[in-house]
K.L.:
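Just passing along the structure, written as structure tokens.
Numbering starts at 1 and runs along the sequence shown. Just the heavy atoms: all of them, side chains too, but no hydrogens, waters or symmetry mates, feed the values below.
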Amino acid sequence: MPIRQLTPQTVNRIAAGEVIERPASVVKELVENAIDAGAYDIEIVMAGGGLSLIRVTDDGDGMSCDDLVLAVERHATSKLSEEDLFDIRTLGFRGEALPSIGSIAHLEIATRQRGSAEAFGLVVYRGRKSGIGPAAANTGTRVEVRDLFSATPARLKFLKSERAENMAALEIVRRIAMANPAIGFTVTTGERASLKLPATTDTPEGLLARLGRIMGREFMEDALAIDGEREGIRLQGFAGLPTLHRGDQSQQYLFVNGRPVRDRLLVGAVRGAYGDLIPKGRYPLLALFVTLDPRAVDVNVHPTKAEVRFRDSAAVRALIIGGVRAALESAGHRASAQGGAATIETLVALVPGAQQAGNVNQQQAGGAANYEAHAPNADLGAGMHAPQAAGFATTRSGWAGVPRHYPPARPSRQQTGFAEAMQVPFGDVDHPSADSTPDTTPILDEILDRPLGAARAQLHETYIVAQTRNSVVIVDQHAAHERLVYERLKKALANGGVARQGLLIPVIVNVGDAEADVLADHADELAELGLVVERFGDGAIAVREVPALIGNGDVVGLVRDLASEILTEGQGFALKERLEAIASRMACHGSVRAGRRLTGEEMNALLREMEATPYSGQCNHGRPTYVELKLSDIERLFGRR
């Protein structure tokens, strides 16, 4: 077959196939043009999922008559400076969007340049251009696209439902709006406005307000500000607390020089930043904005500009990991505010008449349960005091009517190693230690002013109830202690190794041949974490030393769980990740269990340790370790407000 030159119409349709995948692609190109034109307000109207109509109206600079003529020509653009493809300071530069759209649809443009008394219009129908004529238009530009893909009907078979196409376009606008909080956006699909985002200030506060409108109040209340710079690269934005996570990445928004992108490097950096704070298969909520010299990033590696390539990818990754980790660590023990809000909502549903009496709705509960971050206090001993009501006796079914007396546990010499390592008098974590005799000593005011307050009671031998000056805090004792032990194991590992505690009599664990083999193969890694094991005949393992931090925990259960976990994960994990996973499992088996009574001193010691330990707001599995109920919410529940 002889080689021939393609017609301009065919060339434009090929370009349209690269740039215009669906109606949302048209919306993206037109909205980006409006932003580059200096618009402060952008209105998008869609009908038929964008196939019947897409209209984008802006109040930007508009175009002159001559510019309008060139705007629908291929490779004509106002967005390149001296044709330098590596100095891109706008959202679009290819000069293909308008001619590509016009080649497959009915395109009509009306524009009025700022400061001009005249407006001009132009029509392009399936690649055929009309002459320039007068038009009725305010300052700015109005672009209408009708009968999309009418010149390439085969593309219609690959589109989804009208609702799905509308949702895709809305998502595009949301992403663009996040990077442009000072611009107002309105999207109308069908007969109603599906999205309305008023303009706000171009400040961190304005950005958070915009993000809250898009990602929800939950994110707004649990977002941590991020602002850092390294080697000419700036990182800004907000990242959610580790307890705020989802089953997919739909709530992770990443931007480079104001351009929304889906970049594997950035996604991997986020995963590395959260590390072991998020359960496997879960994803944190965040919106991060990377700003750097345009010459240090190539945005021309994908037709839709959804991917980028960095000149120094290692520096970008290091900045993201360092910036996000610093924000998470500064949050200390802080947990999601939504835990308290969700608890209040549940109570409202259970208490007859509470909804009417207290007028508690989701918005009020969410706002009143907003948790204020406090700086962690490293002084674990200061203010430690047995609470007045810490001796309230409890049973497995809840509160008991009469206080019962339990003699304090007297930990053996072997057991005190764990208590000394934790600096908290827990003794043997497997046996009750509480003396439930009521304590009438008054609570010191300074303890009520602490973030997690003073312990008042223990419910179901599992939950610690604490009181602050204006709230009630409920702590899951096992989840909280698990995180504390895990953080201490990690710290000990980073400082050269975990202290070991020898067993007078080795513990023999029957695990099966495959499990015994894999444990023996990883004996060096386990020893680094304080667990010394060796083969003991067929399908058995002898445990000779355990980490001092876990004391007399469930050694048999720990070994079996470790064998199963290592077999499941295989060799895919790096050494550091394997060690952290093993440490997490050790912490789980070496923590105060649910069902164990604690003394008032122990409960308060646990609260103080949580306040001083970063990430203690969530356990090793990503669940919250406590919820806080504001007194104002409780009063609404009982109709006091």
K.L.:
Assess whether side-chain contact (heavy atoms from CB on, under 4.5 Å) is satisfied between Val472 and Leu631, documenting all intermediate values.
P.N.:
CA-CA 7 Å; Val472 173; Leu631 184 59; 5.8 Å; no
K.L.:
Any Lys/Arg nitrogen of Glu609 or Arg488 sitting under 4.0 Å from an Asp/Glu carboxylate oxygen of the other?
P.N.:
yes
K.L.:
Do Ser632 side-chain atoms and Lys630 backbone N/O form a donor-acceptor pair below 3.5 Å?
P.N.:
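Checked: no pair found.
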K.L.:
Using a 3.5 Å distance criterion without hydrogens, assess whether the side chain of Glu525 forms a donor-acceptor pair with backbone atoms of His522.
P.N.:
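Absent.
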K.L.:
Are side-chain heavy atoms of Ile176 and Ile42 found at a separation under 4.5 Å?
P.N.:
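No; the side chains remain at least 4.5 Å from each other.
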K.L.:
Any chance you could lay out the side-chain contact (heavy atoms from CB on, under 4.5 Å) test for Phe185 and Val31, step after step, and finish with the verdict?
P.N.:
CA-CA 10 Å; Phe185 295 84; Val31 170; 3.9 Å; yes
K.L.:
Under 3.5 Å, side chain of Asn604 to main-chain N/O of Ala455, donor-acceptor pair present?
P.N.:
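Side chain of Asn604 to backbone of Ala455: a pair is present.
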K.L.:
Compare all side-chain heavy atoms of Val475 with those of Tyr463 and state whether any distance is below 4.5 angstrom.
P.N.:
no
K.L.:
Tell me the closest heavy-atom pair linking Arg608 and Gly453, and the distance in Å.
P.N.:
NH2-O, 2.6 Å
K.L.:
Only counting residues at least two apart or in another chain, list the ones meeting side-chain contact (heavy atoms from CB on, under 4.5 Å) with Glu545.
P.N.:
Arg500, Val532
K.L.:
A side-chain contact here means heavy atoms from C-beta on lying under 4.5 Å apart; do Phe310 and Val256 qualify?
P.N.:
yes
K.L.:
Using 4.0 Å as the upper bound for N to carboxylate O, is an ion pair formed by Glu487 and Lys491?
P.N.:
no
K.L.:
Donor-acceptor pair, Gln458 side chain versus Arg596 backbone, under 3.5 Å?
P.N.:
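Indeed, once roles are kept as given, a pair shorter than 3.5 Å links the two residues.
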K.L.:
Salt bridge (Lys or Arg N to Asp or Glu O under 4.0 Å): which pairs involve residues 242-257, sequence neighbours left out?
P.N.:
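Sorted pair list: Glu218-Arg246.
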K.L.:
Taking only Lys NZ, Arg NE, NH1 and NH2, and the carboxylate oxygens of Asp or Glu, determine whether Glu446 and Arg450 approach each other closer than 4.0 Å.
P.N.:
no
K.L.:
Take Leu211 and Met220, measure what side-chain contact (heavy atoms from CB on, under 4.5 Å) needs, and give me the verdict at the end.
P.N.:
CA-CA 7 Å; Leu211 295 178; Met220 191 173 178; over 6 Å; no
K.L.:
Hey, are Asp276 and Lys490 close enough for a salt bridge, meaning a charged N less than 4.0 Å from a carboxylate O?
P.N.:
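Here Asp276 pairs with Lys490 in a salt bridge, since their nearest N and O are under 4.0 Å apart.
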K.L.:
Would you check if the side chain of Ser564 reaches a backbone N or O of Asp561 as a donor-acceptor pair within less than 3.5 Å?
P.N.:
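It does not hold such a pair.
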K.L.:
Do Pro242 and Leu328 touch side chain to side chain, with heavy atoms closer than 4.5 Å?
P.N.:
yes
K.L.:
Does a side-chain N-to-carboxylate-O contact under 4.0 Å join Asp227 and Arg234?
P.N.:
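Result for this pair is yes, salt bridge flagged.
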K.L.:
Under a 3.5 Å distance rule, please check whether Arg174 uses its side chain to pair with a backbone N or O of Met215 as donor and acceptor.
P.N.:
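No, Arg174 side chain to Met215 backbone: no donor-acceptor pair under 3.5 Å.
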K.L.:
Excluding sequence neighbours, so at least two apart, what forms side-chain contact (heavy atoms from CB on, under 4.5 Å) with Ile320?
P.N.:
Leu235, Leu266, Ala269, Val270, Leu288, Val290, Val316, Val324
K.L.:
Please name the pair of heavy atoms, one in Ala239 and one in Leu286, separated by the smallest distance, quoted to 0.1 Å.
P.N.:
CA-CB, 3.8 Å
K.L.:
Let me confirm one number: the CG-CD distance from Leu244 to Gln251, rounded to the nearest 0.5 Å.
P.N.:
8.5 Å
K.L.:
Kindly give the heavy-atom pair with the smallest separation between Arg175 and Tyr253, and that separation in Å.
P.N.:
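In terms of heavy atoms, the two residues are closest at NH1-CD2, 3.4 Å.
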K.L.:
Donor-acceptor pair, distance only, cut-off 3.5 Å: does the side chain of Arg317 make one with the backbone of Leu265?
P.N.:
no
K.L.:
Check whether Arg483 reaches the backbone of Gly617 with its side chain - one donor and one acceptor, N or O, closer than 3.5 Å.
P.N.:
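Not a single qualifying donor-acceptor pair exists.
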K.L.:
Examine distances only and state if a side-chain atom of Glu611 and a backbone atom of Leu452 form a donor-acceptor pair shorter than 3.5 Å.
P.N.:
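Yes; judged by distance alone, with no hydrogens or angles, the pair exists.
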K.L.:
Run the numbers on Asn257 and Thr291 for side-chain contact (heavy atoms from CB on, under 4.5 Å), then give the verdict.
P.N.:
CA-CA 5 Å; Asn257 286 350; Thr291 306; 3.8 Å; yes
K.L.:
Apply the side-chain contact (heavy atoms from CB on, under 4.5 Å) test between Phe238 and each candidate in Ile226, Leu207, Leu285; give the one that qualifies.
P.N.:
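Between Phe238 and the candidates, side-chain contact (heavy atoms from CB on, under 4.5 Å) is satisfied uniquely by Leu207.
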K.L.:
Tell me, with the steps shown, if Arg325 and Glu329 meet salt bridge (charged side-chain N to carboxylate O under 4.0 Å, His left out).
P.N.:
CA-CA 6 Å; Arg325 279 185 176 173; Glu329 186 171 352; over 6 Å; no
